Amino acid sequence: MSSPVKRTQWDEELTQFRQDHGLSKKVLLNCCLVRRIISWASPSKKDSIEDELELSAVRHRPEALEQLEAQTRFSRKELQILYRGFKNECPSGVVNEDTFKEIYAQFFPQGDASTYAHFLFNAFDTDHNGSVSFEDFVMGLSILLRGSVQEKLNWAFNLYDINKDGYITKEEMLDIIKSIYDMMGKCTYPILKEETPRQHVEIFFQKMDKNRDGVVTIDEFIDCCQNDENIMRSMQLFENVI
């Protein structure tokens with residue numbers, strides 16, 4: 001087991017990690033995935049993450065930390081902490097859709113989170129192989145927590161573009177918004193009327209669909225969001241349930 005000194009050092013590093021500007025208390029409270037992963041980030045028998053990557057009997061091993069550090073906005077120490085939690089939560093080295101659903105069911109017991117978890121899982125599963133690796137997870141997390149506005153909007157567009165054809169339809173946007181409200185359940189105030197999600201979609205499309213062709217392209221989506229304060233505020237509903 002880790003020595004008391006090393007355990008204390010790890011606790012201090014974990015506290016510092018939580019206090020970092022990119023993972024503030026507010027972000028952690030809102031980010032279900034980070035909360036779940038960080039809660040498992042406790043020291044194990046191995047003190048060296050390199051040893052863990054080489055010796056751990058898992059089906060999937062993440063890329064070299066140096067490469068991930070270069071590809072994300074996380075430091076080496078932050079990646080170590082995230083990986084330790086990820087590995088403890090997912091010993092196989094990958095997350096499947098059922099795990100996503102379990103995480104969101106825990107944090108939103110008052111509603112039905114399964115549909116939103118399905119959409120979110122597909123957004124993290126960038127190679128569409130039915131599982132989310134540590135690389136997939138940390139690359140997406142880097143964008144959501146520390147990416148530019150345009151990078152976050154690109155990620156959000158990918159979430160709304162359910163069939164990944166490069167366009168968002170009204171029905172796709174409606175499915176996402178309804179899934180968020182279903183997940184929030186009784187927490188929404190005032191209580192939503194049945195037609196509220198569709199009304200929101202109609203308002204969004206009136207502003208986003210510039211050429212009135214019935215779909216929203218990524219350029220239309222980003223341009224409209226960046227120039228409309230009301231839409232940016234509305235999108236916080238999405239950001240707050242990651």
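Please read these numbers as outputs of a predicted model, since none were measured by experiment. Basis for what follows: all heavy atoms, side chains included, without hydrogens, waters or symmetry-related copies.
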Qualifying residues under ring pair (Phe, Tyr, Trp, His ring centres under 6.0 Å), relative to Phe121, sequence neighbours excluded: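 Partners of Phe121 by the ring pair (Phe, Tyr, Trp, His ring centres under 6.0 Å) criterion, ordered by chain and then number, come out as Phe100.
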
If every non-hydrogen atom of [X] is compared with every non-hydrogen atom of [Y], which pair is closest and at what distance?
X: Arg212; Y: Phe205; result: NH1-O, 4.2 Å
X: Val216; Y: Asp209; result: CG2-N, 4.2 Å
X: Ser148; Y: Glu151; result: N-OE1, 2.8 Å
X: Val138; Y: Leu68; result: CG1-CD2, 4.0 Å
X: Ile168; Y: Tyr160; result: CD1-CB, 3.4 Å
X: Lys210; Y: Asp223; result: CE-OD2, 4.3 Å

Distance from [X] atom [atom1] to [Y] atom [atom2], nearest 0.5 Å?
X: Gln206; Y: Cys224; atom1: CD; atom2: SG; value: 11.0 Å
X: Lys152; Y: Cys225; atom1: NZ; atom2: SG; value: 13.5 Å
X: Phe119; Y: Asp175; atom1: CZ; atom2: CG; value: 5.0 Å

Donor-acceptor check, side chain of [X] to backbone of [Y], threshold 3.5 angstrom: yes or no?
X: Asp161; Y: Asn158; answer: no
X: Asp125; Y: Asn129; answer: yes
X: Ser142; Y: Arg73; answer: yes
X: Glu172; Y: Asn163; answer: yes

Not counting sequence neighbours, which residues clear side chain to side chain donor-acceptor pair (under 3.5 Å) with Asp219? List them please.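 Applying side chain to side chain donor-acceptor pair (under 3.5 Å) to Asp219 gives none.
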
Would you please classify the geometry between the Tyr83 ring and the Phe86 ring as parallel, tilted or perpendicular, with 30° and 60° separating the classes? parallel

Could you check whether the rings of Phe108 and Tyr104 sit parallel, tilted or perpendicular, using 30° and 60° as the cut-offs? parallel

Contact between [X] and [Y] at the side-chain level, heavy atoms closer than 4.5 Å - yes or no?
X: Thr126; Y: Met139; value: no
X: Gln71; Y: Glu135; value: no
X: Tyr116; Y: Asp182; value: no
X: Ile162; Y: Ile176; value: yes
X: Asn211; Y: Glu220; value: yes
X: Met208; Y: Phe221; value: yes
X: Asn154; Y: Ile143; value: no
X: Gln150; Y: Gln226; value: yes

Test Glu171 against Thr169 for side chain to side chain donor-acceptor pair (under 3.5 Å), laying out the working first. CA-CA 5 Å; Glu171 291 307 313; Thr169 65; over 6 Å; no

Flag yes if Val149 and Leu159 sit in one hydrophobic cluster, no otherwise; membership is Ile, Leu, Val, Met, Phe, Trp, Tyr, and two members link when side-chain heavy atoms are under 4.5 Å apart.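 Yes.
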
Please walk me through it: do Phe124 and Leu144 pass side-chain contact (heavy atoms from CB on, under 4.5 Å)? CA-CA 11 Å; Phe124 271 98; Leu144 290 169; 3.9 Å; yes

Tell me, please, which residues at least two apart from Lys178 pass salt bridge (Lys or Arg N to Asp or Glu O under 4.0 Å).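 Checked Lys178 against salt bridge (Lys or Arg N to Asp or Glu O under 4.0 Å); zero matches.
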
What residues form a side-chain contact (heavy atoms from CB on, under 4.5 Å) with Tyr167, not counting sequence neighbours?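 Only Asp165, Val215, Thr217 meet the side-chain contact (heavy atoms from CB on, under 4.5 Å) criterion with Tyr167.
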
Taking side-chain contact (heavy atoms from CB on, under 4.5 Å) as the definition, give me every residue that meets it alongside Asn96, ordered by chain and number, with sequence neighbours left out. Asp98, Thr99

Go through the steps to decide whether Lys170 and Glu202 satisfy the test salt bridge (Lys or Arg N to Asp or Glu O under 4.0 Å), and finish with yes or no. CA-CA 8 Å; Lys170 287 184 179 180; Glu202 291 296 333; 3.1 Å; yes

Going by salt bridge (charged side-chain N to carboxylate O under 4.0 Å, His left out), name the pairs with one or both residues in residues 104-123, residues two or more places apart or in two chains. none

